[in-house]
> 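Here it is, the structure, as structure tokens.
Hydrogens, waters and symmetry mates are skipped; everything else that's a heavy atom, side chains included, is used. Chain A is the first sequence line, chain B the second, and so forth, proteins listed ahead of strands; every chain is numbered from 1.
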There are 2 protein chains.
Amino acid sequence: MERVSEQELFLNLGEKMTNIRDIAKMAGVSVTTVSRVINNHPYVSEEKRNHVLEVMKKTNYQINMKAVQLSKGKSQMIGVVVPFATNPFFGLLIEGIANQAVKHHFHFVLIQTNYEKEREQEALNMLKHKQIDGLIITSRIAEMQEVEAYVPYGEIVVCENATNNQLISSVYLDHYQVIFRALQYLYNHGHRKIGYCTGRESGANSYYRKKAYKEFLEEKELSYDSSYVFTDNFFFEDGHEIVSKIVSMKNPPTALLVTSDGVAAGILTAGEKVGINVPDELAIIAFDNQPSAKMLDITTFEVPLVQMGEKLFLQAIGKYPIRHEELEVTLIERKTV
Amino acid sequence: MERVSEQELFLNLGEKMTNIRDIAKMAGVSVTTVSRVINNHPYVSEEKRNHVLEVMKKTNYQINMKAVQLSKGKSQMIGVVVPFATNPFFGLLIEGIANQAVKHHFHFVLIQTNYEKEREQEALNMLKHKQIDGLIITSRIAEMQEVEAYVPYGEIVVCENATNNQLISSVYLDHYQVIFRALQYLYNHGHRKIGYCTGRESGANSYYRKKAYKEFLEEKELSYDSSYVFTDNFFFEDGHEIVSKIVSMKNPPTALLVTSDGVAAGILTAGEKVGINVPDELAIIAFDNQPSAKMLDITTFEVPLVQMGEKLFLQAIGKYPIRHEELEVTLIERKTV
DNA sequence: TCTTGCTCTGAAACGCGTTCCATGCTCTAT
DNA sequence: ATAGAGCATGGAACGCGTTTCAGAGCAAGA
């Protein structure tokens, strides 16, 4: 075991970050052996292992994960695309993702799109360029076909019913059925003039929801009134505008199906200010069971968002083959219907 | 310009991902030239540039960012440590960070600690192991000294007054002064029995807040009552317990300083249920001006969180030398005092 | 005419850990 | 005694883009 004078080497290396080869030279072993020590491979004698460990300590050796990632071809990192990080809906999804990420020694980069296509494209490119191993798209803007083109580069998971898709996994709610159920609930409470407040108009989930709304009206032989449909509502603040529209209507709806608690909360508080009595004058049923719904006693459907995030993550790291999981929602009856 | 038969090469490479060397061989140029084309370096003749571009298109060449990162020694990625991602406070900080990240072609990995030291340690290790170029710690658990040990590995920024620190930048609020101001406001409204609800007890910001609370009482010659201090309150739900404690007190506070809107909202709604009149019976002043404060007309201090996030980011990428920026808060008078 | 200074190009080294493959031993099973 | 199995170790290739340096060609300024 010929060994270069350690003292000398320590001095010469000076500022430069020591790497695995430096360690090998100093310890008088091969780089392979050093690598084995780092990775706790059993085929290293105690003597050499200890010596390598010592040298690593002495030189304050720090592994360079960028090299590991390049070498292994994996980054232990997934991307998470969300339209808005502040929205509790996505916050809870992130919570679930984070839970599982920790357990699996993964990290995730958050990509906030604000529903700008360019941002989503950027996320897909990260996958293509191997910055991330997988991608969770909680809400998409691009066509499904476009997204599919990135499947060769890594696992992609979406939050919508994609049961007929062989390439992309999904964890989703049956929005059609859920909306139908909510409407039926309002109907059973005597409502015949039911309004519909949602986020964006486009998008797979929105499609099914709108479809359910229309088909429900048809089934019950109620007429469709486009002024009863309110779109682009995402945050608490958006509820105010809805109320101002409603108060100016000659024949306002008696009930509102709102696709997010935050907006429902906005409607409720804005309504209170102008003297709208909930639920007598206006019933409200919402979704998610976020803190704001608890706070204001809003009747809502609880959506298992944390669990959804966890499942999304596990699909994204390729733990399972392509598959499609549906989650159930639970009605929480409170005081707004 | 000797050139290997392209046709042949295309066939031979088959499945294997093409890399810069393959492209070089196929195009009959050096890897340097290919690299120049990729990076739009001017010193490449139009002819060669076009030809390389063509070959890249034909082979569907995709750059491997992991290699770029290793080579450049930078990941264009920062870490963001937050205790909870769902909390709107941190959500808004993230919003600001995301805004600037996009502009600077950076990405960020979110590390949710739940105030577990191990998680924070992991984030620091990512810095040490070059997975990230910089780190934003929005709320820390480790001692400042421990954190400082990681400064050699990359920029670190914290959200607390660190003005005397030469190694770590900070973007912060003068919590001492702000709490004093809030207490004075309650005092001016006639309150002498003022309670204090906060998040965790430890932590730099908490230290200054607690200090301000105590010193304010001293200055006004009010006695300190430990039952007036409520800790570990982070979310809406936590407000309920505070209320149940208050109703069981013989001599309850007439005003509450709450360090987060979410908790204040919880107190307000729980209080309403047990018939506590706000502000007559119990005044509440809070912080952040989150949606919940707007929703429930809570008097609060607006904190420029998005802006804070943006500044944090710019510090984290080393845009400026180590520095400490203080941000101002604005009192928003509503109906709870 | 000579020097200076671009423009254009490529070989080779660099950043750094992982992994395949070969080699040499020792020990156990036959 | 011998073959097969497992242990220990190292050389070299691999993953892949960037960068330094050297050299050639050519035009403008001295």
Side-chain angles (χ1 to χ4, degrees), chain A residues 1-4 13 15-53 55-56 59-76 125 128-131 133 153, chain B residues 1-4 13 15-52 55-56 59-76 128-131 133 153:
Chain A
M1 228 196 281
E2 293 173 76
R3 202 172 284 172
V4 184
L13 288 167
E15 305 305 293
K16 193 174 150 278
M17 201 71 65
T18 65
N19 61 34
I20 209 180
R21 273 163 243 271
D22 298 329
I23 301 291
K25 207 174 286 177
M26 290 187 237
V29 299
S30 70
V31 291
T32 313
T33 298
V34 177
S35 177
R36 288 200 184 94
V37 170
I38 291 170
N39 295 289
N40 278 313
H41 185 104
Y43 289 177
V44 182
S45 67
E46 269 315 287
E47 188 207 1
K48 294 208 170 179
R49 184 186 303 276
N50 289 141
H51 188 235
V52 168
L53 249 19
V55 174
M56 292 201 299
T59 55
N60 185 34
Y61 168 74
Q62 297 300 337
I63 198 168
N64 183 332
M65 290 306 286
K66 285 203 278 270
V68 176
Q69 288 169 7
L70 174 60
S71 188
K72 290 204 171 151
K74 291 186 181 170
S75 61
Q76 293 293 105
N125 280 333
K128 197 189 239 181
H129 299 154
K130 299 177 184 301
Q131 289 202 81
D133 298 339
Y153 305 108
Chain B
M1 222 193 284
E2 293 173 75
R3 199 172 284 170
V4 185
L13 288 167
E15 304 307 292
K16 192 172 152 277
M17 203 71 66
T18 65
N19 62 32
I20 209 180
R21 273 163 242 271
D22 299 329
I23 301 290
K25 207 174 288 178
M26 290 188 236
V29 299
S30 71
V31 293
T32 313
T33 298
V34 177
S35 177
R36 288 200 184 97
V37 171
I38 291 169
N39 294 290
N40 277 313
H41 186 104
Y43 289 176
V44 183
S45 66
E46 269 314 287
E47 189 207 3
K48 294 207 171 178
R49 183 186 302 277
N50 288 141
H51 189 234
V52 168
V55 174
M56 293 201 299
T59 54
N60 186 34
Y61 169 74
Q62 298 301 336
I63 197 168
N64 184 331
M65 291 306 287
K66 284 202 281 268
V68 176
Q69 288 169 6
L70 173 61
S71 189
K72 290 207 173 147
K74 292 189 179 165
S75 61
Q76 292 293 104
K128 197 188 240 183
H129 298 154
K130 300 177 184 302
Q131 289 200 82
D133 298 338
Y153 305 109

> Is the closest side-chain donor-acceptor distance between A:T32 and A:S35 under 3.5 Å?
no

> Do any side-chain nitrogens or oxygens of A:N19 fall under 4.0 Å of OP1 or OP2 in C:dG15?
no

> Starting at atom CZ of B:R21, determine the distance to atom C1' of D:dA13, rounded to an integer number of angstrom.
12 Å

> Which part of the nucleic acid does B:V34 contact within heavy-atom distance under 4.0 Å: base, sugar-phosphate only, or nothing?
nothing

> Would you say B:K48 reaches C:dG10's phosphate, i.e. side-chain N/O to OP1/OP2 under 4.0 Å?
yes

> Quickly work out the A:Q76 CD to C:dG17 C1' distance and round it to whole Å.
15 Å

> Send over the distance from B:K66 NZ to C:dC16 P, rounded to a whole Å.
18 Å

> I would like to know whether A:N64 and B:H129 meet side-chain contact (heavy atoms from CB on, under 4.5 Å); could you show each step before the answer?
CA-CA 5 Å; A:N64 183 332; B:H129 298 154; over 6 Å; no

> Within this structure, what is the CD-to-P distance between B:Q69 and C:dC16, rounded to whole angstrom?
14 Å

> Quick one: which of C:dG15, D:dG17, C:dT9 gets closest to the side chain of B:Y61?
D:dG17

> Base, sugar-phosphate alone, or nothing: which one does B:I38 contact when heavy atoms must sit under 4.0 Å apart?
nothing

> Whether B:S30 contacts C:dT9 is assessed here as follows: a side-chain N or O lying under 4.0 Å from the phosphate OP1 or OP2. Is that the case?
no

> Between A:T33 and A:V29 (side chain of the first, backbone of the second, donor and acceptor by atom type, cut-off under 3.5 Å), is there such a pair?
no

> Taking the side chain of A:R36 as heavy atoms from C-beta outward, which of D:dT18, D:dC21, D:dG10 is closest to it?
D:dG10

> Using a distance-only criterion (donor-acceptor N/O pair, under 3.5 Å, no hydrogens), is the base of C:dA11 paired with the side chain of B:T32?
yes

> Do the side-chain N or O atoms of B:S45 get closer than 4.0 angstrom to the phosphate oxygens (OP1, OP2) of C:dT9?
yes

> With nearest nucleotide decided by heavy atoms, which residue, B:I20 or A:V31, maps closer to the 5′ end of DNA chain D?
A:V31

> Select from B:V44 and B:K130 the residue whose nearest nucleotide in DNA chain C is closer to the 5' end of that strand.
B:V44

> Among the candidates D:dG17, D:dT9, C:dG17, find the nucleotide nearest to the side-chain atoms of A:T33.
D:dT9

> For B:V68 and for B:E46, find the nucleotide of DNA chain C with the closest heavy atom, then tell me which residue's nucleotide is more 5'.
B:E46

> So if I apply the side-chain contact (heavy atoms from CB on, under 4.5 Å) rule between A:K130 and each of B:M17, B:M65, B:Q62, which one comes out positive?
B:M17

> Output the rounded distance in Å from CE (A:M17) to P (C:dG17).
11 Å

> Between D:dC16 atom C1' and B:K74 atom NZ, what is the distance in whole Å?
19 Å

> Between A:N39 and C:dG17, is there a side-chain N or O to OP1/OP2 distance below 4.0 Å?
no

> I need the minimum non-hydrogen distance between B:A27 and B:H51, along with the two atoms involved.
O-ND1, 3.4 Å

> Just so I know, are the side chains of A:V52 and A:R49 near enough to count as touching, which here means a heavy-atom distance under 4.5 Å?
no

> Examine D:dG25: is either OP1 or OP2 under 4.0 Å from a nitrogen or oxygen in the side chain of B:Y43? Give yes or no.
no

> Strictly below 4.0 Å: does B:S35 bring a side-chain N or O up to OP1 or OP2 of D:dT18?
yes

> For the pair made of NZ in B:K72 and C1' in C:dC16, what is the distance, rounded to whole Å?
18 Å

> Send over the distance from A:H51 NE2 to D:dA8 C1', rounded to a whole Å.
17 Å

